[in-house]
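Every chain is numbered from 1 and lettered A, B, ... according to where its sequence line falls, protein lines coming before strand lines. Scope of the values below: all heavy atoms of this structure, side chains included, with no hydrogens, waters or symmetry mates.
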2 protein chains.
Amino acid sequence: MVTIKDMAKILGISTTTVSNVIHGKTSEVSAETVARVRQLVKDMGYVPNINARNLARNRSKIIGIAVKTSFYKYDNLLKDPFFSELIGAMAKEIRKQGYYLMLYFASSIEEVVHHVAGWNVDGLIVAGLLVDDYMKLKRNYRGTMVLIDCYLPETINNYNNIGLDDEGGSYLITKHLLDNGHRKIGFVADNISGVDYYRYLGHQRALQEYGLPVREENLILIPQGRSRDNSVLKVFAERILDLTAYVFCSDYYAANVINYFNDQGIRIPEEVSITGFDDNEYARMVRPALTTVAQDVTAKAELAVRKLIELLNAEETVDYFDIHMPVELVIRDTVKKLN
Amino acid sequence: MVTIKDMAKILGISTTTVSNVIHGKTSEVSAETVARVRQLVKDMGYVPNINARNLARNRSKIIGIAVKTSFYKYDNLLKDPFFSELIGAMAKEIRKQGYYLMLYFASSIEEVVHHVAGWNVDGLIVAGLLVDDYMKLKRNYRGTMVLIDCYLPETINNYNNIGLDDEGGSYLITKHLLDNGHRKIGFVADNISGVDYYRYLGHQRALQEYGLPVREENLILIPQGRSRDNSVLKVFAERILDLTAYVFCSDYYAANVINYFNDQGIRIPEEVSITGFDDNEYARMVRPALTTVAQDVTAKAELAVRKLIELLNAEETVDYFDIHMPVELVIRDTVKKLN
DNA sequence: GTGAAAGCGCTAACAC
DNA sequence: GTGTTAGCGCTTTCAC
């Protein structure tokens with residue numbers, strides 16, 4: 001591996017001069033020297049040692065993406081199309097901006113802290129954190145941080161977040177069902193914290209606007225990791241007797257259930273209407289195609305990276321932001337108009 | 001950020017001793033000192049600076065995953081379920097083995113070389129390389145390298161590869177169609193190099209075994225990036241007049257076409273049979289569920305990482321390997337038995 | 001058992 | 001315009 005020192009010796013000049021040329025500070029160097037150095041860099045295939053540079057500069061040009069995954073829920077996080085699109089788009093944007101990506105799936109916040117501290121990561125993007133984890137993270141990592149889809153209590157306001165109008169999206173799609181005459185609607189999620197909590201709130205708002213009560217028995221929780229399990233799926237078939245529609249918190253669950261219904265000979269939307277959330281590939285792939293709430297995951301990813309880098313470059317401290325990106329109703333074929 | 005030096009000063013001992021304790025070389029240190037150091041490490045939340053460590057040790061504990069993506073084909077590589085599962089599983093295994101993952105999507109091999117050299121990556125995993133790129137890479141990176149799904153000419157044998165029995169899989173599924181009475185079969189891919197070339201070979205072998213000619217007009221190439229394009233999809237509908245089945249090189253394309261046929265009122269498998277390759281989520285999601293060739297992507301990913309680390313730890317040079325993992329026929333509902 | 005010190009490759013303040 | 005030099009934080013050799 002050829003070093004700056006090597007090249008300086010060969011050219012009989014100092015490392016500073018070589019370094020200056022490499023960093024384009026050519027105004028301080030004679031044109032001739034610049035040319036000689038550039039040539040040698042090329043000839044010898046010199047590549048700067050990033051570890052040395054990071055050590056000297058005390059920064060890393062690394063952006064860490066950390067996702068806390070219970071390996072219980074995900075055997076492989078990237079199998080979830082939301083995360084794979086999100087991370088793929090971030091990877092692209094990070095590279096475009098001249099940064100490096102260090103991907104870190106951890107099962108605890110302590111691990112994340114340890115990791116980012118050790119690598120001296122310039123900035124951190126974290127997805128799907130709950131309050132407790134955020135507090136821990138904030139206490140132990142003083143670097144720049146952007147959260148994705150994080151809901152924190154109002155008492156906390158020193159954070160940057162890029163989320164979604166979850167409440168609004170869920171309101172919209174529930175209203176769409178109500179407008180189509182549905183009155184007995186199930187709400188399906190695999191938990192009721194964070195994002196899904198706000199989706200549930202939006203759902204409730206729509207019901208209330210129509211003067212309908214929020215019935216606890218219409219909240220259907222899918223046991224984590226068992227969304228394909230027949231005993232779980234059967235419940236959906238049984239509830240059709242008293243429900244006319246299901247609002248799902250994710251396209252993935254919705255698509256699974258649609259297929260289950262297809263296989264059982266239950267016709268959609270004739271016998272039951274179904275809606276999703278996210279508008280990912282599954283929503284477009286499944287038949288009938290899924291009526292759902294669309295979010296632009298790629299835009300979210302790019303915005304998160306850009307905002308983070310903006311913060312990194314900011315001279316003075318910038319205001320905190322908590323952006324909730326817009327959603328859109330996508331009407332396809334899984335909602336029936338009731339008389 | 002607390003350093004070894006800080007702690008040495010506080011305890012009134014040398015950095016060597018602190019370093020020794022941190023690395024578990026406790027045999028050379030008195031029990032009392034060990035305890036004091038350990039306590040301080042905990043109290044101060046000491047985390048080693050990885051850049052400094054890498055610089056001193058001249059290695060990085062980083063495994064680079066590089067994928068050469070024409071951004072033409074992929075706006076987001078991870079939207080492809082094959083890559084997202086592959087990379088997700090690798091990420092998990094890499095972490096499990098105590099390494100770090102640096103993800104790098106590049107549009108040229110030169111970029112990859114530059115990247116891995118700069119970071120002093122210990123090992124490299126590269127997916128989907130063609131010969132030329134491999135040669136370039138090999139010339140410029142002398143580190144340990146494992147390829148994924150790479151076919152190199154027989155004249156080259158100094159490489160490590162984890163691939164698939166592509167030829168066999170394609171043979172199997174074509175034979176399945178032939179056994180079911182199909183004689184006019186289209187073969188669909190988006191290119192005919194690398195993996196897809198071998199799939200085409202397997203397809204041909206099956207045809208020949210049945211004494212059937214390989215017709216060039218039955219090779220259907222999908223223009224890259226236009227798989228959802230109606231003008232492209234229409235071709236498939238038209239060819240039904242002379243073909244009874246399509247062998248697709250990927251589940252993704254197969255699923256798209258199935259949905260197109262559904263939407264056009266063309267019945268599968270009654271009017272035309274379809275098979276896929278990979279057995280990813282789409283194959284299971286689409287209706288009718290897709291008959292396809294299954295590969296275990298996660299197993300492939302884990303094996304690649306484990307093999308790489310094995311090479312990294314090997315004292316002596318180890319033999320090169322070129323593993324082709326087994327595939328399996330998965331019969332679902334998209335193939336009709338003719339008469 | 002413990003410590004001094006050189007060095008990994010690069011940067012940047014400062015001197016000439 | 002160019003060079004000297006002191007670090008960045010850690011590892012490791014060798015001496016005590």
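Paired with B:His115 under the rule ring pair (Phe, Tyr, Trp, His ring centres under 6.0 Å), one option of B:Phe105, B:Tyr141, B:Tyr104 passes, and it is B:Tyr104.
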For nucleotides 12-16 of chain C, print each protein N/O atom paired with a nucleotide N/O atom at under 3.5 Å, atom names and distance only.
| unit_1 | atom_1 | unit_2 | atom_2 | d |
| --- | --- | --- | --- | --- |
| C:dA12 | N6 | A:Thr16 | OG1 | 3.2 |

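Rounding to whole angstrom units, CG of residue A:Asn20 and P of D:dT4 are separated by 14 Å. For B:Ile22 and D:dG9, the CD1 to P distance is 14 Å, given to the nearest whole Å. Taking atom CG of B:Leu55 as the reference point, atom C1' of C:dA6 lies 13 Å away to the nearest angstrom. Regarding B:Lys5, its NZ atom lies at a distance of 11 Å from the C1' atom of D:dC10, rounded to whole Å. Distance CG (A:Leu11) to C1' (D:dG3): 14 Å, rounded to an integer number of Å. For the pair B:Asn120 CG and C:dC10 C1', the computed distance is 14 Å after rounding to whole Å. The distance from atom CZ of A:Arg59 to atom C1' of C:dT11 is 11 Å, rounded to the nearest whole Å. Protein atom CG of B:Asn54 is 10 Å distant from nucleotide atom P of D:dT11, rounded to whole Å.
Counting any heavy atom pair closer than 4.0 Å across all strands shown, B:Gly118 reaches no nucleic acid atom. B:Asn49 comes within contact range of the sugar-phosphate backbone alone, with a heavy-atom separation under 4.0 Å but no base atom that close.
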Full working for ring-ring contact (aromatic ring centres under 6.0 Å, His included) between B:Tyr151 and B:His324: CA-CA 11 Å; B:Tyr151 282 96; B:His324 288 258; 5.5 Å; yes

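Side-chain atoms of B:Tyr159 and B:Asp322 include a donor-acceptor pair closer than 3.5 Å.
Each of A:Arg53 and B:Thr17 has a nearest nucleotide on DNA chain C; the 5'-most of these lies closest to B:Thr17.
For B:Ile4, the listed nucleotide lying nearest its side chain is D:dT11; candidates were C:dC10, D:dT11, D:dG9. Listed nucleotides D:dT2, C:dG9, C:dT2 differ in distance to A:Thr3; the shortest reach to its side chain belongs to C:dG9. Taking the side chain of B:Ser30 as heavy atoms from C-beta on, and the options D:dT2, D:dC10, C:dG1, the nearest nucleotide is C:dG1.
Atom CG in B:Asn54 sits 6.0 Å away from atom CD1 in B:Ile62 (nearest 0.5 Å). Atom-to-atom distance recorded for A:Lys61:NZ and A:Ile50:CD1 is 11.0 Å, nearest 0.5 angstrom.
Contact record, A:Asp133 with A:Lys68: OD2-NZ, 2.9 Å, taken as the closest heavy-atom pair.
A 4.5 Å side-chain heavy-atom check between A:Ile63 and A:Gln97 finds every atom pair outside the cut-off.
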